[in-house]
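Just so it is clear, the model here is predicted, and its values are computed rather than measured.
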Amino acid sequence: MPNVVVVGAQWGDEGKGKVVDLLTEHAQVVVRFQGGNNAGHTLVVNGQKTVLHLIPSGILHAGKTCVIGNGCVVDPTVFMKEVDGLRGRGFLADAAQLLLSEHAHVIFPWHKHLDLLREKARGGAAIGTTGRGIGPAYEDKVARRGIRIRDLLDLERLRRRVKERLPAASAEMTSLAKQAKVEDPLLDVETIVGEYGALGARLKEFVGDASLYLAEHIRKGTRVLFEGAQGSLLDVDHGTYPYVTSSNTVAGNAAVGSGIGPTAIDRVMGITKAYTTRVGSGPFPTELSDETGERLRKIGDEFGATTGRPRRCGWLDTVVLRYAVRVNGIWGVALTKMDVLSGLPTLKICTSYELDGQRVTELPGELEDLSRVTPIYEELPGWEQSLAGARTVEDLPAAAQRYVRRVEEIVGVPVVMISVGAERGETVVLKNPFRQ
């Protein structure tokens, strides 16, 4: 049985949550393999909206197991808030439905303070992080001073780890607070140990060896769906560095971040909007600072599910999309928010860039070069009709069908799914990655 990875093919916010929720029907296990609660995956089922920041997007399906892998960084407060919220609505009645890797690293108060203080200290050079402590937590992990979920289950070991880390973190916070001219956060070892020890006691029922669990189930032929967070252009190695997140968001990290071998992955599905958005700083060649950009933002409800920040909007950039296909090994693309384009008389697709008088068809590796490119567009006719009732390609207006075909031709992989609304059922499925 195939195991499928779902990744974002732009700068995040592509609609991965909806696609994962839809595909969970055909899988038995859903795994988050990187990132933390800087993600915001929005699901709309029967008119009810659910925003998940950490728990996998398959959690609304009964009888499925959701796994948070070792590659994630976990804020226990956020984790338990999501658990409580889901249980309050009748989901997650069985704790066995959710498995939290004992090897995932923990986000502590100093990580969040450092994140915010560093951004303030950078001033106009700020990266645009969510301020959730994700970067500093990964920093501690790589520096071999991180504290893991398993450490929350042993109070004395937790106290020892916090005592080892807090003095240096406090010193940096004091320096940054002085530089940013804000109040110095004062953190106390025993307060942190008490709070996080109590959280450890609450989340203990979910903790286990995620790698072992996945290996055993994959060996049995269980269908596994791997859910990425953020997008390919935010990958710390392959994105628009330094305006990136702090983890590897591409499909190759699905194996590392969940503790399985790469041969267990069969297909990669890339998710892209029918246009392009970006949150925070960094180059964005097709950005629209006009009425069309504002229209996309308003109709597409382009505001961050995690931060509420307005997203920058622009035309579809297939230079970016082709790059994502290459670095992820994408089998097929899900084209989301097609309905947002309805009503625009003319649509544009960026097919290449102009840089210093030369036509460029590949993403420039130098950030300054990407900031200087001029997009080269191809124009296509738009359509007036609503797409809400479309369930097959034939239900789409001729101009919308042409738009989909042109995307396929330029990018070089098939469009296998088209989202025409926020609801789970408002989707045209051309190919199911678990079956075809």
For residues 75-99, pull every pair meeting ring-ring contact (aromatic ring centres under 6.0 Å, His included), keeping only residues two or more places apart or in separate chains.
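Found Phe79-Phe206.
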
Among residues two or more places apart or on two chains, list those pairs meeting ring-ring contact (aromatic ring centres under 6.0 Å, His included) that have a residue in residues 249-295.
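Qualifying pairs, neighbours excluded: Trp11-Phe284.
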
Residue pair [X] / [Y]: nearest heavy atoms and the distance that separates them:
X: Val73; Y: Ala137; value: CG1-CB, 4.0 Å
X: Ser57; Y: Val20; value: CB-CG1, 3.8 Å
X: Gln34; Y: Cys72; value: N-SG, 3.5 Å
X: Pro364; Y: Val373; value: CG-CG1, 4.1 Å
X: Leu92; Y: Arg87; value: O-NE, 3.1 Å
X: Asp369; Y: Leu355; value: O-CD1, 3.8 Å

Are [X] and [Y] side-chain neighbours, meaning at least one heavy-atom pair lies under 4.5 Å?
X: Val340; Y: Lys273; answer: no
X: Gln10; Y: Leu316; answer: yes
X: Val333; Y: Val407; answer: no
X: Thr77; Y: Glu195; answer: yes
X: Leu321; Y: Ile410; answer: no
X: Glu25; Y: Arg424; answer: no
X: Tyr138; Y: Ser247; answer: yes
X: Lys112; Y: Asp75; answer: yes

With His217, which residues qualify under ring pair (Phe, Tyr, Trp, His ring centres under 6.0 Å), at least two apart?
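His217 satisfies ring pair (Phe, Tyr, Trp, His ring centres under 6.0 Å) with Tyr213 only.
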
Output yes when a side-chain donor or acceptor of [X] lies under 3.5 Å from a complementary backbone atom of [Y], and no otherwise.
X: Arg322; Y: Thr351; answer: yes
X: Gln28; Y: Arg223; answer: yes
X: Tyr403; Y: Ala274; answer: yes
X: Glu82; Y: Ile55; answer: yes
X: Asp115; Y: Gly133; answer: yes
X: Ser352; Y: Ile376; answer: no
X: Glu302; Y: Leu296; answer: no
X: Asp290; Y: Thr292; answer: yes

Considering only residues two or more places apart or on different chains, which pairs with a residue in residues 406-423 satisfy side-chain hydrogen bond (donor to acceptor under 3.5 Å, both in side chains)?
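Output for this query lists Lys18-Ser419, Glu378-Arg406, Arg406-Glu409.
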
Carboxylate-amine/guanidinium proximity below 4.0 Å for [X] and [Y]:
X: Asp356; Y: Arg372; result: yes
X: Arg311; Y: Asp13; result: yes
X: Asp317; Y: Arg278; result: no

For the atom pair [atom1] ([X]) and [atom2] ([Y]), what is the distance rounded to the nearest 0.5 Å?
X: Lys141; Y: Ser246; atom1: NZ; atom2: OG; answer: 11.5 Å
X: Asn432; Y: Leu23; atom1: CG; atom2: CG; answer: 6.5 Å
X: Glu14; Y: Thr276; atom1: CD; atom2: OG1; answer: 9.5 Å
X: Ile271; Y: Met417; atom1: CD1; atom2: CE; answer: 7.0 Å
X: His41; Y: Leu54; atom1: NE2; atom2: CG; answer: 10.5 Å
X: Arg391; Y: Thr427; atom1: CZ; atom2: OG1; answer: 7.0 Å

Qualifying residue, where the test is side chain to side chain contact (heavy atoms under 4.5 Å, CB included) with Pro2 and the options are Ile265, Val224, Asp266:
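Filter result, single survivor: Asp266.
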
Do we see a donor-acceptor contact under 3.5 Å between the side chains of Ser232 and Asp235?
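Not at all, the side chains of Ser232 and Asp235 share no donor-acceptor pair under 3.5 Å.
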
Only distances under 3.5 Å count here; give the side-chain donor-acceptor pairs of residues 342-350 to other protein atoms, sequence neighbours excluded, each with its distance to 0.1 Å.
unit_1	atom_1	unit_2	atom_2	d
Ser342	OG	Asp339	O	3.4
Ser342	OG	Trp383	NE1	2.8
Ser342	OG	Gln385	O	2.9

Side chain to side chain contact (heavy atoms under 4.5 Å, CB included) partners of Thr374, counting only residues at least two apart:
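Result, side chain to side chain contact (heavy atoms under 4.5 Å, CB included) vs Thr374: Glu354.
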
Residue list, side chain to side chain contact (heavy atoms under 4.5 Å, CB included) with Arg145, at least two apart or on another chain:
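In terms of side chain to side chain contact (heavy atoms under 4.5 Å, CB included), with neighbours along the sequence ignored, Arg145 is linked to Glu139, Asp140, Ala143, Arg165.
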
For Arg402, does the CZ atom have more than 12 heavy-atom neighbours from other residues, nucleotides or ligands under 6.0 Å away?
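Atom CZ in Arg402 is not crowded, with 12 or fewer foreign heavy atoms closer than 6.0 Å.
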
Within the supplied structure, the quantity of interest is the number of heavy atoms (other residues, nucleotides, ligands) at a distance under 6.0 Å from Glu366 CD; does it exceed 12?
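Count over threshold, so yes.
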
May I have the list of side-chain donor-acceptor pairs in residues 253-264 shorter than 3.5 Å, sequence neighbours left out?
unit_1	atom_1	unit_2	atom_2	d
Asn253	ND2	Asn248	O	2.9
Ser258	OG	Ala254	O	2.3

List for me each residue that meets side chain to side chain donor-acceptor pair (under 3.5 Å) alongside Glu216, sequence neighbours excluded, and say none if there are none.
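Counting only residues at least two positions away or on another chain, Glu216 forms no side chain to side chain donor-acceptor pair (under 3.5 Å).
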
Qualifying residues under side chain to side chain donor-acceptor pair (under 3.5 Å), relative to Asp151, sequence neighbours excluded:
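So Asp151 forms a side chain to side chain donor-acceptor pair (under 3.5 Å) with Arg157.
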
Would Leu176 and Gln179 count as a side-chain contact (heavy atoms from CB on, under 4.5 Å) here? Give the steps.
CA-CA 5 Å; Leu176 287 168; Gln179 185 180 341; 4.2 Å; yes

Ignoring hydrogens and angles, write down the donor-acceptor pairs under 3.5 Å from the side chains of residues 43-50, residues two or more places apart or on other chains.
unit_1	atom_1	unit_2	atom_2	d
Gln48	OE1	Arg89	NH2	3.4
Thr50	OG1	Arg89	NH1	3.0
Thr50	OG1	Arg89	NH2	2.9

Show the atom names and distances, to 0.1 Å, of all donor-acceptor pairs under 3.5 Å that link a side chain in residues 97-104 to residues at least two apart or in another chain.
unit_1	atom_1	unit_2	atom_2	d
Gln97	NE2	Ile59	O	3.4
Gln97	NE2	His61	O	2.9
Gln97	NE2	Lys64	O	3.3
Ser101	OG	His103	N	3.1
His103	ND1	Arg148	NH1	3.1

What verdict does the side-chain contact (heavy atoms from CB on, under 4.5 Å) test give for Tyr196 and Ile147, after you've listed the backbone C-alpha separation in whole Å, the side-chain angles of each residue and the deciding distance to 0.1 Å?
CA-CA 11 Å; Tyr196 277 70; Ile147 301 174; over 6 Å; no

Quick one: do Asp21 and Thr24 satisfy side chain to side chain donor-acceptor pair (under 3.5 Å)? Show the steps, please.
CA-CA 5 Å; Asp21 170 62; Thr24 298; 5.6 Å; no

